[in-house]
Amino acid sequence: MAYNITLIPGDGIGSEVTKAAKIVLEASGVNINWEVVEAGEKVIEKYGTPLPDYVIDSIKRNRVALKGPVTTPIGTGFRSVNVTLRKSLNLYANVRPVKSYKGVPSRYEGIDLVVVRENTEGLYSGIEHKVGEDAAESIKIITRKASERIVKYAFELAKKERMKKITAVHKANIMKYTDGLFLECAKKISQEYPEIIFEDMIVDAMSMKLVQTPQDYEVLVMPNLYGDILSDLAAGLVGGLGVVPGANIGDKEIVFEPAHGSAPELGSNIANPTATILSGAMMLKHFGESEAADRVEKAVVKVLEEGKYLTRDLGGNTGTIEYTKAVIDAIE
Ligand code: NAD
């Protein structure tokens, strides 16, 4: 059988890393029909928006997309493509597995955690305005519905992946109503899963603990802004954004994408495509193609561990294309 997948190359390094993922996934033996749709900076002139309707229509039709990063134009009046996409498809869970890989230079080893971030509200609700000339305000929305939904998602994920501990991250000591409600929901849902250890931690303490003893954590669940920041922090613990995959999950559609942005300053054939390749492996797993997903992940692990072909961000000097070829050659 063939899977229909929307492919959004994106901006900057996006087209190179998605191309790498596409050919690696094809080499894994899974049959995929790609529907390539462009979004981001490059389509603004033609369509008057970085997110034309055909992108949303394609994802709704195929239900699954693999997306490269897109550049968020600053000061142009356009809302972020990512925020708009996540809100309009109600992709409420952003999931980023953060793992140590042998061969990837890092101060730590043995990290295996997942950051689960609420993706539709919080401080990214888009309700922001100027108050006169010298002030501005942004409204943070936290609802019971979205908080319970994301915490439940995190517990179900922990159950499925046989992870034993969940940490809810918040700032309820200061933001008593918003984060207070998030924490209340997290505590309530945790009671439905007595087999999983539940703890909560204030976001500043969590930042310190992640830097000190990241191996102590398994699933971290948190509101939008904290998730955005802590998932990049966690990426820094395992070698950087180039190796952390991700998925934006809704009840109907899923958009898989690397944790990193479009890195516009990188030249061509420099970017590390690992995060996008591993996002593709997550997508195969979602389809139930676990064997193919394993083959892809094992090939990446083998190439990283061998250390002969490492991209520049990991201290090597292998290009995107040559690294991708090495991964394909390592698929068994
Ligand atoms: P970035 O993730 O693009 O880059 C941060 C740093 O990591 C840079 O030093 C970059 O060179 C490096 N880096 C990132 N990915 C890499 C890779 N695959 N290989 C090697 N090095 C890599 O973040 P930024 O610079 O803050 O943002 C650039 C643009 O991307 C902005 O317009 C931002 O809004 C956008 N962005 C998009 C997404 C997305 O589409 N999901 C996510 C984050 C940022």
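Order of listing sets the numbers, starting from 1, for every ligand and every atom in it. One is the number of the first residue; the rest follow in order along the sequence.
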- Taking the side chain as every heavy atom from C-beta outward, state whether K187 and F198 have any pair of such atoms under 4.5 Å apart. yes
- Message: With a heavy-atom distance limit of 4.0 Å, tell me whether D313 approaches ligand 1 through its side chain, its backbone, both, or neither.
- Response: side chain
- Message: To check your reading of the model: name the closest protein heavy atom to atom 35 (C) of ligand 1, its residue, and the distance in Å.
- Response: V70 O, 3.4 Å
- Query: Does G10 offer a backbone N or O that forms a donor-acceptor pair with the side chain of K42 under 3.5 Å?
  - Reply: yes
- Query: Which protein heavy atom lies closest to atom 34 (O) of ligand 1, and at what distance to 0.1 Å?
  - Reply: T72 OG1, 3.0 Å
- Message: So, regarding P264 and ligand 1 (criterion: nitrogen or oxygen to nitrogen or oxygen, under 3.5 Å), is there a contact or not?
- Response: no
- Given the protein's heavy atoms, is any one of them under 4.0 Å from atom 12 (C) of ligand 1? no
- Message: Does E305, at its CD atom, have more than 12 non-hydrogen atoms belonging to other residues, nucleotides or ligands within less than 6.0 Å?
- Response: yes
- Does the protein put a heavy atom under 4.0 Å from atom 27 (O) of ligand 1? no
- Protein contact to atom 44 (C) of ligand 1 [nearest heavy atom, distance to 0.1 Å]: G261 CA, 3.3 Å
- Task: State the atoms of ligand 1, each with its element, that fall below the 4.0 Å cut-off from a heavy-atom position in H260.
- Result: 2 (O), 14 (C), 15 (N), 18 (N), 38 (C), 42 (C)
- Against heavy atoms of K67, which atoms of ligand 1 measure under 4.0 Å? 39 (C), 40 (O), 41 (N)
- Task: Determine whether the side chains of E199 and T167 contain a donor N or O and an acceptor N or O closer than 3.5 Å.
- Result: yes
- Contact atoms of ligand 1, heavy-atom distance to E265 under 4.0 Å: 8 (C), 9 (O), 10 (C), 11 (O)
- Item | Proximity flag A275 to ligand 1, non-hydrogen atoms under 4.0 Å | no
- Is the shortest distance from a Lys or Arg side-chain nitrogen in E332 or K302 to a carboxylate oxygen in the other one below 4.0 Å? yes
- Among protein heavy atoms, which lies nearest atom 41 (N) of ligand 1, and at what distance? E257 OE1, 3.1 Å
- Message: Could you check whether N269 and E322, counting side-chain N and O atoms only, form a donor-acceptor pair closer than 3.5 Å?
- Response: yes
- Item | Which residue and heavy atom of the protein sit nearest atom 29 (C) of ligand 1, plus the separation | S262 OG, 3.2 Å
- Query: Any nitrogen or oxygen of L266, main chain or side chain, under 3.5 Å from a nitrogen or oxygen of ligand 1?
  - Reply: no
- Query: Is the Y323-Y309 ring centre distance short of 6.0 angstrom?
  - Reply: no
- With a 3.5 Å cut-off and no angle check, do the side chains of S279 and E257 form a donor-acceptor pair? no
- Message: Can you see whether Y217 has K165 sitting over its ring - NZ or CZ less than 6.0 Å from the centre and within 45° of the normal?
- Response: yes
- Near A271 (heavy-atom distance under 4.0 Å), the atoms of ligand 1 are 19 (N)
- Message: Whether the E38 and Y54 side chains hold a donor-acceptor pair (N or O, under 3.5 Å, no angle test) is what I'd like checked.
- Response: no
- State the atoms of ligand 1, each with its element, that fall below the 4.0 Å cut-off from a heavy-atom position in L241. 2 (O), 5 (C), 7 (O)
- Numbered in order shown, the ligand 1 atoms found under 4.0 Å of a heavy atom of A263 are 3 (O), 10 (C), 11 (O)
- Message: For the residue pair S231 / R96, report whether a side-chain donor-acceptor contact shorter than 3.5 Å exists.
- Response: yes
- For I13, is at least one N or O under 3.5 Å away from an N or O on ligand 1? no
- Message: Do N224 and R117 pair up side chain to side chain, a donor and an acceptor below 3.5 Å, judged on atom types alone?
- Response: yes
- Note on the structure: Checking heavy atoms under 4.0 Å, the part of N272 that sits near ligand 1 is both
- Message: Can you confirm whether more than 12 heavy atoms, excluding those of K87, are under 6.0 Å from its NZ atom?
- Response: yes
- State the atoms of ligand 1, each with its element, that fall below the 4.0 Å cut-off from a heavy-atom position in N82. 37 (C), 38 (C), 39 (C), 40 (O), 41 (N)
- Query: Considering all protein heavy atoms, does one lie under 4.0 Å from atom 24 (P) of ligand 1?
  - Reply: no
